[in-house]
Structure formats: structure tokens, C-alpha cells
Colleague: 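Have a look at this one before I ask anything.
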Amino acid sequence: MALFERNPGRRPSNSYSTATFVVFVALVLVGVWMLSSSTFTPASLPSENKSETNEVSETESIVTTDEQPAVEPTNTRQEDTNPDANTESSSNETENKMESENKRENGNENEGENGNGNDSVSSDEQKGTQKVTEKSDEKIEEENSSKPSGDTKSESESKADTENKPSEEVKGQSENGMPKFDDETGKTEGGELVTPGEGTQELISQNKTTELENSSGNSTESFNEKSDERGSEQITSNDETNNSENDKGFTTETITSENQSETNTGSGQEKVEQELTSGQNNTDIPMESFPNAAQSELLNETSTQNGTFSTQAAESRNQKEVRATSANKKGSKDDAVAVTWKLCNTSAGADYIPCLDNVAAIKKLRTTRHYEHRERHCPDESPTCLVPLPEGYKKSIEWPHSRDKIWYHNVPHTLLADVKGHQNWVKVSGEYLSFPGGGTQFIKGALHYIDNIQESLPDIAWGNKTRVVLDVGCGVASFGGFLFERDVLTMSFAPKDEHEAQVQFALERGIPAISAVMGTKRLPYPSLSFDVIHCARCRVPWHVDGGMLLLELNRLLRPGGYFVWSATPVYQSLPEDVEIWQAMSDLMKAMCWKIVIKTKDTLNKVGLAIYQKPSDNKCYDKRKENSPPMCQESDDPNAAWNISLQACMHKLPVDPNLRGSKWPEQWPKRLVKAPYWLNESQTGVYGKPAPKDFEADYAHWKHVVNSSYINGMGIDWSHIRNVMDMRAVYGGFAAALRDMKVWVMNVVPIDSPDTLPVIYERGLFGMYHNWCESFSTYPRSYDLLHADHLFSRIKKKCKILPLMAEVDRMLRPEGKLIVRDNLETINEIESIAKSLKYEVRMTYTKEKQGLLCVQKTAWRPTEVEVENSTLPLP
């Protein structure tokens, strides 16, 4: 729609007409008239002819290649009896009139340019724009000539205000349902939405944008330079559209109000319906796909509370351990500077993981005996450079074909094929790397190995009783990849070591995995979370240091859960194997883990042993020796962020109302049912009783995903496999994607309510993380990142710019970033995304909240940063 709504059916009063005539006849008389009429208040304009309003709204729709936030006028008209102020305003009005006439005489030459002076619109679009501008200019002249000025702004501000102030009826919500404006946010509260069209390869925007300096100082500055500080109306180009080869074809639909009829902007265009309801009680789920701050505290997540949930940061701090980083230098919220992106200059090249490739920090380590050099060592300042693409990089192969083969040039490493090819890990097949589905312990295939485990122990019940598995030392993660066929979700991890790019292979295949090691710190997962833990020749010395590493698995394994160990000590008789088996047997007995079965896989010619963790404390109480010792009561098993390992065991919960005292509901019931240990006396994250909070969150995200993300955002979900929720709460977003062929890494920030146990209880998975640091994954790992009110929280403790560089590192080319946040943050993220040459797929704003969807392109800067440097931060 046009920047401001105009109604040709409305005519000014007689006083206005007289004043207009006087202005055009004699400028001197205008000043005299204004001085004599300084307290004159214009009459309200007529409100009839609504149909004409709608007609003009359609006429004033402008087709552009950008979606910029509309600049809002002020909602009140100040009055001032100062004659000097009126004289100055009169002069400004005259300048505005002359400027408008010059525009018409010059044919609006500048209206086809974007804010940076790039990409002119087509000739047809220019004609339409000229017509709209002429109409707007006529009305501006009429208003300017008759409207008394009451402010004492500077000349440039007065000009901007004069050109952009609408009539009284378009302030707020007009009678005909047109959107109202908010001068604090710079957006229309009715919302602006870009939705997918059919058969087009360009972005179409229906709103003219005006770059206006915000005199209140509340708006966030943009990374893009303002093209015109005078407030002249211009059409801007979306992301400079020099990457138009990646455009997927979108049209724009502007939602104005629930009472206004929607008009299709093109044949076959999808409609996104917004059903707004007001006055709902707290248990109702609003029938809309975007958070409405005025309706429900559930949707206005900017005011979430911890409720009865502690935070991971607090839990870890209570253990007297230092977090991986204390809050980084607190920076200004104003990161809006012009950015010159450069390529990272590191030895890791296209595989750079900042917290695992910190060579300087690793060189300072006193010892590497416990794999300290494979642990996280984050740089003091998070990088703001971009990771280059491998030469010859192609769009990733889609799931499920990606499980069996990937493009060689996407992960151009052949060492594993050379040393593990005979074990069917990975092989080079022309331009592909193929994965036969084997592994060191299942050469003949992972699926047979998986089924053999259940045949040996039916109680494991893949995809029923067992839903969430931890695979230690996963290799290329074929075990987890084939467990998808049994409806099991596997968190696979392995270190970034001499097994070149093993985790990167897994992620490129569409299998969940992270780079991590069992070293000196707890793994970033809550206690009592995994149904089964698996180790197939994972090369972990379980029995050394008092069994410290195995005791970490004891912390993570659910009471009554199983540990599947497939390694040579189980079935070979070499002296070293016999020694390890005996040491493991003694340790298991002391830990009260009982061996359930020891069997052989005749096809793969390997053996495996399955152990079960106790479900209560009876065995612990009967032990003659307190070895391994029980942990101190003050030791919190859920504290997992940067906490040193201890060789001790935690008591198991005995209260039937505590987490871990019962096995969860069988899958898939556990996905939708609130955990038994959430009760009405507990306060949830959104302020409701915890069970109702859980249910409302799930209902909300189901509606959002089904009505907006799947049907209204133009995302082809057949191209989406690896998904991350960067600020998960109860895992409702991931649960809503249950029927999609995707997996979701649920990340719970360390300073958010510790709801990760809820996520695991419902049969999903995730991890803790501090978003002031880099994530432990390879570049180009994810197809879609989802950030719900994350960035506005992060910028209170660290910079947004490094986090956006991290987003760029994790996203694959053509990957999507969906951001839901306040308007200030949305504008900031959109500006950074444009500086990265991302395509803006959709923006939507309503009541100071916003929704943004951008798509990464294959663009990379050509300049390489100076070694060991980062972009200067403001």
C-alpha cells in the first residue's frame, strides 16, 4: 500500500480553501493570515466515501523490489501560539510546495531508485509511481497550505513532518479498517507481509518507504545509509537484488485490519489470514500466527519469566564454576554501522569452528592428557568475519538421499575414505562421497545392527519405550541416521580430531550431530535425560580416573535406562581387551549397573554388552564401599555449562512427583502430554500453572507452524532437513514440526529458564549454549534457524553483529533465518542481513512486534581479514 492513505472524497473546510487560495496568491498574506489564526483548529474531515478510500488504497499500491519499514507520522498534532514558530512553519510549507511542484515537473526522476541509488524500477512501475506521487503531492499541498504549525523543529525536520503527516483519520485505526501508525516504532500496526507468489522471480512490495530521521531518538539506526534526509519519497530495492538469480518469486500482501476485505495482488497468490481476537482469557490460544502483545502473555515473549525454573547459568554458578565466558563486554545496543565484511583468515579455512580452532589458546594448554585440546576454547572477542565456501560447493542433496551420498566438493575430505573405507564408513564415488551405512562395529550395515540390539533385548523397544539416544564417538553417525527408520532421535557427537570431518559428514547427510569430546567438563545436557546411551568402539577410556567419564554417562542416563557397549573387550581375548573387560566389570558393579545381556552379532562378527542403570537407591545403600563415592548434596546434577567432571554419583529421586522417578509416557504420547512432574503449584515460563503453560505453548506453536511457517511463508519444506530453534522454551516449535521430515536442535540459552529437561521428557532433544560464543558445529550445518525473541535478549549482554556472523556460519547457502522479536531488533537484524546480501523473504509488523524471514545467498566477500583480527565493534 502507499505510505500514507489518502481519501479523494474528503474535502477541506471553507477555511482551508480560503487559506489555500491566499497562500498561492500572496505568500506575504499567508504569513499574516497564519499569524492571525495561530489558535485556529481545523475541523475534522468528513468520514464518508469509504469505497473511494479503498479504491485509492489500491491505486496507490506501488510495486518495488524492497520491503522497507514504513515511517510512521506522529499521532498528535501540537498547537503553539508562538508567532515565530508559525512564520517558520509557513516558510517550510512554501518550500515543500515548491519541492512538490519540482517533483512533478521533473517526472519524479528519483523515485525509481533505492536507498543506495541502485536498481531502478521498470517503466510501468515508474508510471504508476508518478501517478500516485502526483495525487499525494496535491493533497500535501492542500494540507500544507491550510494546516497551522505548532512545533519548533529544525527546518529539515519540519519539512519531513510536513511531507509525511497524514490527516487525522489515518492516525490510529481508521473507520474503514486501514492500518494505524506508531511513531515510536516506525511501522504500521496493521502489519506488512510478504508472501509467496507463483511463477515470478522478483520481490514485490506494496509499501512506499520514506527515510525519516526520528527526532525522539528511540528508533534503531540502520546499517544502510539513508539516501535522503529530507523525507522525499523513494522506492528502495530489496537487498540490492544483485543476487536476483536466487529469488524465489514473492508477492506482497498487506494486512490492514480484520474488518477490511483482502484483495489478491496476483493470480494464484496465497492469502495469509490473520484472525485477531481481543479480550481472551489466559487459557485461550489467539487465532493468529503472529505474537500479539496486547492479547496474551504467552505470545508476548518479551516478558517471559522464569517461573519455577532456574537457569542453567544460575545452576552452574552455584557449583562455584566459571561459565565459559562471563558476559562479554557489554556493548551499546546501537550496532547499526556500515559493515565491510571480510573472509576469515584461519588455518581451518572453510571448516572454521571458532571455539574449537582457537590455535592460540590451545598452544597455551599445560596438558592434553584429558583431551583438553579438543574442548571448547572460545576467543576473547567473537569473530565477525565470514567463513568462505569450499570451491565447487553445491546445494546439499535432499533427505533421504543425503543419508547415502553427498557432494564431494561440499565436504572435500578423503582421509576417512582411505582409512575407514574397508569398514564401509565412507567411500569416494566420482563427484559424490557415498555412505554404505557401515561402521567399525557394523560393517554389514547399521540397520541390521540396530535390529540385532532389539532382538537381544526386546525391552529396548525402539521408537516406543526408547525415543532419545546419545551416541558417543559417533563417527559419521550412520547409527543415528538409520535409527530414524525406527522413529528414534539420536544426539550424536564426536571430537574434531584426526577422524577428518566425521561430524561434518553427518550434518551434510542430514543427521544430527555436534563436535564435542568427553574430556574434563560435563556435556551440555541435563541429568537423567537419555533413554539409551550407545558406544561402538568410541575410543573412550571409561575405566580410568576412577571411572570419571563413565560416571558422566551415569549422570545423563535415565534411571532404568540402558548402556549399549560394543567394543573389542566384549568379545576378544587379547591381553589388553581382557584387562579392560575386567576393569569395566568391576566399575559397573560398583556403580550398581547390572549387565542385562552379552551377545554376538554373527553377521557383523562383533559382540555387545548391554547394562542397565538402577531405578532407585537400594543398591547404593547396600554397597560395602563408597566407591565411586556419592556426590555431595550440594552438587547439582543439572548444572552442565562449563562444569568440571567429578568422579561421583548422584542419588536418584525417590519422590514420585520428581523428575526421574518414573519412565516417561511411551512415544508418541510423551510428545503432547505434559510431564508428570509438572504440577499446578508450579509457575510456568509464561505465568500460568506449569501444565497449562506447556499445553498453551504447544497449541500456540502448532497454529503458528501450520498457518504461517508451512503455508504462509513461501518455504519449500522439502528442502529443509536440519533445523535449530535458537531459543527453545518447552520445545513447542519442534513438536509442531513432528510430521515434517526434519529434526530440530533445541537450544536453551544458559540465562533462560532451564526447560531443557521438559524437552527431553517429551521425546525431543537439545543442549545448553551461551550465544555470546560460537556454537560447536561446522559451517553450513543448518537449513533453517529459528530465533524467537533471542536477539533482543542477547544484545543486553553482548553484541548482535558477532551473533549474526555466527548465524551466517551455521546456515547453508539458501538457508533461512526466521526472527520474531520487537521492532527495533527486527529492523537491526534486517539491516545486517541486507549487508550480508541476504534476500528478505518476508517482513511483518504489528503492535511493536515483528516477524522477519531472510534467506542466505552464496555471496562471499572477496577481501580477507588481517590475521587474528575481527571487525571493529562500535
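One-based numbering along the sequence shown.
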Colleague: Any luck finding a side-chain donor-acceptor pair between Glu398 and His719 under 3.5 Å?
Modeller: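 Short answer, yes.
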Colleague: Looking at Val488, Thr490, Asp471, Val469, which hits side chain to side chain contact (heavy atoms under 4.5 Å, CB included) with Val532?
Modeller: Val469
Colleague: Of Tyr449, Phe442, Phe563, which meets ring-ring contact (aromatic ring centres under 6.0 Å, His included) against His534?
Modeller: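 Of all the options given, the one that passes is Tyr449.
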Colleague: Kindly compute the distance separating CG (Asn424) from CD1 (Ile443), expressed to the nearest 0.5 Å.
Modeller: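 It is 7.0 Å, given to the nearest 0.5 Å.
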Colleague: Using a 4.5 Å cut-off on heavy atoms from C-beta on, say whether the side chain of Ser566 contacts that of Ile453.
Modeller: no
Colleague: Could you walk me through whether Arg721 and Ser402 pass the side chain to side chain donor-acceptor pair (under 3.5 Å) test, one step at a time?
Modeller: CA-CA 10 Å; Arg721 173 63 181 172; Ser402 60; 6.0 Å; no
Colleague: Is Arg403 close enough and on-axis enough to Phe482, meaning under 6.0 Å and within 45°, for cation-pi?
Modeller: yes
Colleague: Do Asn770 and Gln312 pair up side chain to side chain, a donor and an acceptor below 3.5 Å, judged on atom types alone?
Modeller: no
Colleague: Rounded to the nearest 0.5 Å, what separates atom CG in Leu550 from atom CG in Leu557?
Modeller: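 Going from the CG atom of Leu550 to the CG atom of Leu557 covers 10.0 Å.
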Colleague: Give a yes or no on this: more than 12 heavy atoms of other residues, nucleotides or ligands lie within 6.0 Å of atom NE2 of His448.
Modeller: yes
Colleague: Once rounded to the nearest 0.5 Å, what's the spacing between atom NZ of Lys605 and atom NZ of Lys444?
Modeller: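 Result: 7.5 Å between the selected atoms.
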Colleague: Tell me if the aromatic rings of Trp743 and Tyr782 count as close, with their centers under 6.0 Å from one another.
Modeller: yes
Colleague: Checking side-chain hydrogen bond (donor to acceptor under 3.5 Å, both in side chains) against Asn410, which of Arg812, Arg780, Glu508 comes through?
Modeller: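 Testing Asn410 for a side-chain hydrogen bond (donor to acceptor under 3.5 Å, both in side chains) against Arg812, Arg780, Glu508 leaves exactly one candidate, Glu508.
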Colleague: Any carboxylate oxygen within less than 4.0 angstrom of a Lys/Arg side-chain nitrogen, looking at Asp635 and Arg522?
Modeller: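 Looking at Asp635 and Arg522, the cut-off is met.
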Colleague: Is a side-chain donor-acceptor pair under 3.5 Å present for Lys364 with His377?
Modeller: no
Colleague: Is the shortest side-chain N to carboxylate O distance from Arg537 to Asp577 below 4.0 Å?
Modeller: no
Colleague: Taking Arg467 first and then Glu665, would you say they form a salt bridge - that is, a charged N and a carboxylate O separated by under 4.0 Å?
Modeller: no
Colleague: Whether Lys394 engages the ring of Trp407 as a cation-pi pair (distance to the six-membered ring centre under 6.0 angstrom, angle to the ring normal within 45°) should be assessed.
Modeller: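 Because its charged atom sits under 6.0 Å from the ring centre and within 45° of the axis, Lys394 does stack over Trp407.
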Colleague: Pick from Arg369, Glu375, His370, Glu372: which one makes a side-chain hydrogen bond (donor to acceptor under 3.5 Å, both in side chains) with Thr520?
Modeller: Glu375
Colleague: Is atom CD of Glu431 surrounded by more than 12 heavy atoms (other residues, nucleotides or ligands) closer than 6.0 Å?
Modeller: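 Count over threshold, so yes.
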Colleague: Would you kindly say whether the two SG atoms, from Cys474 and from Cys538, are closer than 2.5 Å?
Modeller: no
Colleague: Give the C-alpha distance, both sets of side-chain angles, the deciding distance and a yes or no for side chain to side chain donor-acceptor pair (under 3.5 Å) between Arg486 and Thr466.
Modeller: CA-CA 10 Å; Arg486 300 295 179 261; Thr466 297; over 6 Å; no
Colleague: Okay, side chain of Asp601, backbone of Val606: is any donor-acceptor separation there less than 3.5 Å?
Modeller: no
Colleague: Could you tell me whether Tyr760 and Phe530 have their ring centroids closer than 6.0 angstrom?
Modeller: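 Ring centres of Phe530 and Tyr760 closer than 6.0 Å.
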Colleague: For the pair Lys651 and Asp621, find out whether any cationic side-chain nitrogen is under 4.0 Å from an anionic carboxylate oxygen.
Modeller: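 Answer for the salt bridge query: yes.
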Colleague: Less than 4.0 angstrom from a charged side-chain N to a carboxylate O is my criterion; do Asp459 and Lys465 meet it?
Modeller: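 Looking at Asp459 and Lys465, the cut-off is met.
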Colleague: Working to the nearest 0.5 angstrom, can you tell me the gap between Lys598 NZ and Ile610 CD1?
Modeller: 13.0 Å
Colleague: When rounded to the nearest 0.5 angstrom, what distance separates OG1 in Thr440 from CZ in Arg539?
Modeller: 9.5 Å
Colleague: Can you tell me how far the CD atom of Glu552 sits from the CG atom of Leu523, to the nearest 0.5 Å?
Modeller: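 Separation between the atoms: 5.0 Å.
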